> 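Dropping a structure here in structure tokens format, bear with me for questions.
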Amino acid sequence: MTDIEIGLWVTAGMMVLVVLGMRVAFAAGLAGFVGLVWLRWNGFDYNPERFWKAVEISVKIAGQVPHSKVSSQALSLIPTFILIGYLAYYARLTTALFEAAKRWVAWVPGGLAVSTVFATAGFAAVSGASVATAAVFARIGIPEMLAVGYNKRFAAGVVAAGGTLASLIPPSAILVIYAIIVEQDVGKLLLAGFVPGAFSAVVYAGLIIAIAMIFKTVGPPVTGFTWRERLLSLPPALPIFAVVVIIIFFVYNPFGEAWGTPTEGGAVGAFIVFLVALMRGMRMRELLDALLETAKLTIMIFTIIWGVLIYVRFLGFADLPSAFADWISTLSASPMLILICILLAYAVLGMFMDAIGMLLLTLPVVYPAVMALNGGEMVSAADSAFGMSGPMCAIWFGILVVKMAEFCLITPPIGLNCFVVAGVRDDLSVQDVFRGVIPFFIADAVTIALLVAFPAIVLWLPSLAG
């Protein structure tokens with residue numbers, strides 16, 4: 001049996017384990033280890049006396065992978081970004097942000113829902129966790145919408161969909177993970193997420209306004225705020241914008257050298273939000289809760305990374321990524337059509353897997369194939385299939401797959417954000433939330449189509465960084 005055949009069999013077995021309900025981290029780690037043993041024993045011609053030698057070699061390989069990869073400095077971004085989000089919640093910055101958005105835009109049709117989307121986008125700019133964003137605004141936004149007569153399913157759908165923006169708008173844990181897996185510049189990928197993230201929020205807002213105008217009872221506007229009340233709502237929300245500016249200047253300073261690394265920017269941002277939380281009366285119990293929740297979410301992400309990286313190492317030995325890339329490049333269909341098929345495959349796969357696990361499992365195989373479609377890692381824009389250089393294609397594809405990961409956070413039956421919203425609200429079932437997010441599937445499809453058709457939306461900001 002060839003190495004590639006072993007790779008295919010092991011991958012199929014891992015997918016069966018995932019479908020049967022095993023956690024992605026453990027399914028990938030187990031499959032990767034079994035695959036390593038199988039490959040090594042296959043190299044020994046299945047000699048029974050050499051089986052334990054194959055196991056010994058595989059144990060050493062599997063044991064080295066987690067430390068060598070997880071000790072990467074870039075991964076230290078993840079806990080700092082998550083901590084910023086939890087501290088912002090206990091500093092009441094989320095409430096201040098929602099209040100400011102409400103006073104400025106609640107007068108439009110569906111105004112409270114639009115306010116919720118913009119507030120989630122603002123919170124996403126200081127939080128790297130979609131789940132945390134959905135949980136926070138399920139407590140803040142849904143009661144406000146229900147109080148003025150919103151349909152509860154629609155209100156829940158707004159919060160679940162708005163929470164997905166944290167996957168794309170920096171600081172984003174998923175973007176950091178993508179950068180590490182494909183070995184691309186973290187700073188440029190974080191920059192690339194700003195414009196598409198804001199664009200997604202605007203598309204969501206446009207959809208809500210259209211629905212509210214067609215169905216008059218869905219989202220009644222809220223009026224009565226004076227200009228003085230609107231202006232007074234801005235100062236309490238300013239720390240969020242300060243943190244965003246700091247992170248941008250640490251990643252890319254448009255006026256000169258960057259102030260530092262993205263990791264340092266995340267740490268400074270967390271410290272600033274910590275000081276704001278202290279000034280606003282955060283108690284020791286709340287600080288401990290923020291640290292504990294940060295640790296829980298970080299450990300979950302790192303565990304997935306550990307397990308999947310063992311599987312990724314096995315794929316490398318099986319040479320499956322190169323074989324898949326070679327096969328993709330020989331197809332007669334146009335590169336753009338193949339790319340669209342890949343994105344559609346992500347939409348289907350995301351119905352059965354969580355976003356981080358899905359990207360970690362697929363990128364080692366799919367990313368080289370997309371690069372091959374474009375002409376290679378070092379291709380120039382003039383010679384490429386998608387009209388962009390290799391590094392720019394890596395950034396563009398990263399934003400596309402992260403946007404697909406956002407989409408997967410609200411698709412049944414796994415849609416994690418929908419479960420979170422239903423868990424926070426006792427008056428909502430998971431089915432209610434899934435029904436509420438259906439209109440946002442259209443918005444996400446429109447956004448992804450526009451990002452594919454107009455790559456400049458993604459590449460404009462990172463291109464400024466050189």
Side-chain angles (χ1 to χ4, degrees), residues 1-76 78 176-184 298-330 349 352-354 356-369 371-372 377:
M1 185 175 288
T2 66
D3 289 350
I4 291 177
E5 289 173 334
I6 293 174
L8 292 173
W9 277 108
V10 170
T11 299
M14 182 198 63
M15 296 304 296
V16 169
L17 292 176
V18 171
V19 170
L20 290 176
M22 182 178 284
R23 297 286 184 180
V24 169
F26 305 121
L30 177 62
F33 178 71
V34 170
L36 288 171
V37 173
W38 192 352
L39 283 175
R40 187 58 57 187
W41 200 27
N42 181 57
F44 293 149
D45 295 324
Y46 300 106
N47 184 341
E49 296 179 359
R50 305 297 301 274
F51 174 76
W52 290 110
K53 183 64 176 178
V55 172
E56 179 185 347
I57 295 171
S58 300
V59 167
K60 290 180 180 179
I61 294 173
Q64 292 170 354
V65 170
H67 177 267
S68 64
K69 291 292 185 180
V70 177
S71 60
S72 167
Q73 183 185 11
L75 276 177
S76 61
I78 293 175
V176 173
I177 291 170
Y178 173 86
I180 291 168
I181 292 296
V182 305
E183 298 180 348
Q184 292 295 320
T298 301
I299 289 170
M300 182 194 76
I301 293 173
F302 275 48
T303 302
I304 295 173
I305 293 174
W306 288 336
V308 171
L309 285 178
I310 295 172
Y311 170 72
V312 169
R313 180 59 61 90
F314 155 71
L315 287 181
F317 281 114
D319 204 30
L320 201 58
S322 297
F324 184 71
D326 292 341
W327 175 71
I328 285 288
S329 61
T330 61
L349 191 60
F352 307 99
M353 298 180 64
D354 66 274
I356 293 176
M358 178 183 69
L359 295 188
L360 284 169
L361 288 175
T362 59
L363 283 174
V365 175
V366 174
Y367 173 78
M371 291 298 101
E377 293 273 0

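None of these values were measured; they are calculated from a predicted model.
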> Taking all non-hydrogen atoms of both residues, which atom of G7 and which atom of A318 are closest, and how far apart?
CA-CB, 4.2 Å

> Taking all heavy atoms of P368 and all of L363, pick out the closest pair and write down the distance.
CD-O, 3.5 Å

> Minimum heavy-atom separation for M14 to A31, with atom names?
CB-CB, 3.6 Å

> To the nearest 0.5 Å, what is the distance between CZ (R40) and CD1 (I61)?
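If I round to the nearest 0.5 Å, the distance is 5.5 Å.
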
> Any non-hydrogen side-chain atom of V55 less than 4.5 Å from a side-chain atom of W52?
yes

> In Å and rounded to the nearest 0.5 Å, what is the CZ to CG distance from F317 to L36?
6.5 Å

> Among residues at least two apart in sequence or on other chains, which ones pass side-chain hydrogen bond (donor to acceptor under 3.5 Å, both in side chains) with D319?
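If we apply the side-chain hydrogen bond (donor to acceptor under 3.5 Å, both in side chains) test to D319, skipping adjacent residues, the hits are S322.
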
> Does V366 have any side chain to side chain contact (heavy atoms under 4.5 Å, CB included) partners at least two apart in sequence or in another chain, and if so, which?
I342, Y346, T362, V370, F397

> Considering all heavy atoms of both residues, which atom of T303 and which atom of A25 are nearest to each other, and what is their separation?
O-CB, 3.5 Å

> Of all heavy-atom pairs between F314 and G32, which one has the smallest distance, and what is that distance?
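Shortest heavy-atom contact: CB-O, 3.7 Å.
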
> Go through the steps to decide whether W38 and Y46 satisfy the test side-chain contact (heavy atoms from CB on, under 4.5 Å), and finish with yes or no.
CA-CA 9 Å; W38 192 352; Y46 300 106; 3.0 Å; yes

> From E49 CD over to F44 CZ, what is the distance, rounded to the nearest 0.5 angstrom?
12.5 Å

> Going from CG on L315 to OH on Y311, what distance comes out if it is rounded to the nearest 0.5 angstrom?
4.0 Å

> Got a sec, which residues hit side chain to side chain contact (heavy atoms under 4.5 Å, CB included) with A372, two or more places apart in sequence or on another chain?
A325, S329

> Tell me, please, which residues at least two apart from F51 pass ring-ring contact (aromatic ring centres under 6.0 Å, His included).
W41

> With sequence neighbours excluded, what pairs up with I4 under the side chain to side chain contact (heavy atoms under 4.5 Å, CB included) test?
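In terms of side chain to side chain contact (heavy atoms under 4.5 Å, CB included), with neighbours along the sequence ignored, I4 is linked to T2, L8, L320, A323.
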
> Let me confirm one number: the CG-CG distance from L30 to L17, rounded to the nearest 0.5 Å.
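Result: 6.5 Å between the selected atoms.
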
> How would you list, by chain and number, every residue that makes a salt bridge (charged side-chain N to carboxylate O under 4.0 Å, His left out) with E56, sequence neighbours excluded?
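Scan of E56 (salt bridge (charged side-chain N to carboxylate O under 4.0 Å, His left out), adjacent residues dropped) gives K60.
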
> In Å and rounded to the nearest 0.5 Å, what is the CH2 to CD1 distance from W306 to I299?
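The CD1 atom of I299 is 7.5 Å from CH2 of W306, to the nearest 0.5 Å.
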
> Before you tell me yes or no, could you show the steps for D3 and N42 under side-chain contact (heavy atoms from CB on, under 4.5 Å), namely the whole-Å CA-CA distance, both residues' side-chain angles and the distance that decides it to 0.1 Å?
CA-CA 8 Å; D3 289 350; N42 181 57; 3.8 Å; yes

> Between Q184 and Y367, do the side chains contain an N or O donor and an N or O acceptor separated by less than 3.5 Å?
yes

